[in-house]
Amino acid sequence: MINYWLMKSEPDAFSIDDLKRLKHAPWDGVRNYQARNFMKAMNEGDMVFFYHSSCSPAGIVGTAKVCKKAYPDHTSWDINSHYFDPKSTQDSPRWFMVDVVFVERWPSILTLAELKKSPELADMLLTKKGSRLSVMPITQKEWEYITVILKK
DNA sequence: GCCAACGTTGGC
DNA sequence: GCCAACGTTGGC
């Protein structure tokens, strides 16, 4: 059984076009426990909505697939990295990442405003006020509704 | 750039 | 374990 997820990235830092060009990439830099725990629960083959955040407009811009299960995020050990965390060690890594592979770039963005209009998506963490989780689960129903009904 | 909402830290 | 202070996220 596959699971479904949504992952946020600031397009200035890493966009769907970057992933398309690279084909696959590590999802590094997650420094939130809840988001980390969701990544640890991912399996190869799980599907991902690629979401552009902190831009105008924000929204889903395509899909990707998990191609490598969670493993330690080495940027947490790199003292020169923006994501360095002295509390993360080789023996006891605190942060993890998965690899994702590009699947599809949608012709146009499905904006957060549009997602919020759908009563079918009212339970999504994404559409909840104040939610700022960067990795979150999506139900199969939500995935199908978005890809079949709303996808641009 | 603003600021509401949230997560984390650290003193007690 | 509580909670104030602080830093960050992210939509607008």
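What you see is a predicted model; the values in this text were computed from it and never measured.
A donor and an acceptor atom, one from each side chain of A:Ser15 and A:Arg105, are nowhere located under 3.5 Å apart. A donor and an acceptor atom, one from each side chain of A:Tyr71 and A:Asp99, are located under 3.5 Å apart. If you check the side chains of A:Asp91 and A:Thr89, you find no donor sitting under 3.5 Å from an acceptor.
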Practice item. Begin with the C-alpha distance, continue with both residues' side-chain angles, and end with the deciding distance and a verdict on salt bridge (Lys or Arg N to Asp or Glu O under 4.0 Å) for A:Arg21 and A:Asp18. Key: CA-CA 5 Å; A:Arg21 182 163 39 80; A:Asp18 293 326; 2.6 Å; yes
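The stretch residues 46-60 of chain A participates, sequence neighbours left out, in these side chain to side chain donor-acceptor pair (under 3.5 Å) pairs: A:Trp5-A:Asp46.
Within residues 107-125 of chain A, the residues approaching DNA chain C are A:Leu112, A:Lys116, by heavy-atom distance under 4.0 Å.
The OH atom of A:Tyr4 lies 8.0 Å from the CE atom of A:Met47; values are rounded to the nearest 0.5 Å.
Taking the ring centroids of A:Trp95 and A:Tyr33, they lie under the 6.0 Å cut-off.
Atoms CG (A:Asp12) and C1' (C:dG11) sit 15 Å apart, rounded to a whole Å.
Applying the 4.0 Å criterion to OP1 and OP2 of C:dG10, one finds that A:Lys8 has a side-chain N or O inside that range.
A:Ile138 and A:Tyr145 fall within the same hydrophobic cluster, where Ile, Leu, Val, Met, Phe, Trp and Tyr residues are linked whenever their side-chain heavy atoms come under 4.5 Å apart, directly or through other members.
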Please enumerate all protein N or O atoms sitting under 3.5 Å from an N or O of nucleotides 7-9 of chain B, with distances to 0.1 Å.
{"residue": "B:dG7", "atom": "O4'", "partner": "A:Arg132", "partner atom": "NH2", "Å": "3.3"}

